[in-house]
Amino acid sequence: MLLKDFIVFEGIDGAGTSTQIKRLVESNPEKYFATAEPTNRPTGLFLRKMLAGDFSVDEKTNAYLFAADRCEHIYGKNGVIEQIQKGKIVISDRYFFSSLAYQSVSCGKELPKLINSPFPLPEYLFFFEIDPKISLARVNQRNEKKEIYEKIELQEKIAKLYDQVISEYEANPQGMKIFRLDASKSIEEVENDIVKQLTIDN
């Protein structure tokens with residue numbers, strides 16, 4: 001199923017997805033609604049503590065927890081579908097494509113693929129491509145505590161998996177409009193590339 005008026009930004013840590021969503025929503029707050037995964041719901045807050053390294057769970061449990069949070073994100077109260085029904089264009093900072101990359105590193109591809117297969121596809125998928133060394137340098141500039149995935153060895157593996165995931169959907173987009181962005185460009189250049197694609201299509 002394709003979910004119209006649903007836009008997803010995907011990329012490794014430090015790729016700039018959050019920055020671009022903020023700029024796009026600020027350009028037209030009446031039109032766009034920003035959201036993210038993990039969510040700020042109880043399931044998502046639990047996951048954020050896990051990502052911060054406060055505790056650990058089995059990797060398969062991790063995959064199921066992300067899927068549970070995603071289910072609430074899409075179908076729960078004030079979730080993606082409800083916002084679209086209110087007339088908003090919803091932009092999410094990550095979606096199940098990130099699970100197909102991140103969780104596949106530790107528990108293999110089959111489980112993330114299986115438990116995320118029922119979720120609807122976005123109308124637009126923007127993939128932020130960037131060298132992990134550049135993106136992690138950006139992360140380091142934040143002077144914040146690093147999350148468990150924010151290590152160069154992991155980010156390099158995740159970047160390769162991300163590329164494989166996006167390539168598979170490019171071969172069979174199922175109605176999705178998929179765009180690869182050079183996320184190493186300046187903030188303004190990336191923003192212009194996004195707006196250009198959205199403008200052409202509307």
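Predicted model only: the values in this text are computed from it and were never measured.
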Parallel, tilted or perpendicular, as decided by the 30° and 60° cut-offs, for the rings of Phe96 and Tyr169: tilted
Main-chain N/O of Leu198 paired with Lys177 side-chain donor or acceptor, under 3.5 Å: no
Ion pair check, Glu72 and Lys77, cut-off under 4.0 Å: no
Side-chain H-bond candidate by donor/acceptor type, Asn62 with Glu59, under 3.5 Å: yes
Passing candidate, side chain to side chain contact (heavy atoms under 4.5 Å, CB included) with Gln155, options Asp131, Val105, Asp13: Asp13
Gln164 and Ser167: side chain donor to acceptor below 3.5 Å: no
Residue pair Lys133, Glu156: steps toward the salt bridge (charged side-chain N to carboxylate O under 4.0 Å, His left out) verdict: CA-CA 8 Å; Lys133 293 183 180 66; Glu156 287 175 343; 3.2 Å; yes
Arg23 side chain vs Glu191 backbone, donor-acceptor pair below 3.5 Å: no
Main-chain N/O of Ser186 paired with Glu189 side-chain donor or acceptor, under 3.5 Å: yes
Between Ser99 and Arg94, a side-chain donor and acceptor under 3.5 Å: no
Separation between CD1 of Ile91 and OG1 of Thr17, rounded to the nearest 0.5 Å: 11.5 Å
Rounded distance [0.5 Å steps], CG in Leu100 versus CG in Asn116: 5.5 Å
Ionic contact status for Asp163 with Arg180, cut-off 4.0 Å: yes
is_close_aromatic(Tyr162, Phe127), centroid dist under 6.0 Å: yes
Atom of Val190, atom of Ala183 and distance for their closest heavy-atom approach: CG2-CA, 4.2 Å
Donor on one side chain, acceptor on other, Asp5 and Tyr124, under 3.5 Å: no
Plane angle bin for Phe126 and Phe9 - parallel if under 30°, tilted between 30 and 60°, otherwise perpendicular: perpendicular
Shortest non-hydrogen separation from Gly44 to Asp69 and the atoms involved: N-OD1, 3.1 Å
Residues Lys86 and Glu82 bridged, charged N to O under 4.0 Å: yes
Nearest-0.5 Å distance that lies between atom CG in Asp182 and atom CZ in Phe128: 11.0 Å
Side-chain donor-acceptor pair present, Tyr95, Glu10, cut-off under 3.5 Å: no
Main-chain N/O of Leu111 paired to Lys60 side chain as donor or acceptor, under 3.5 Å: no
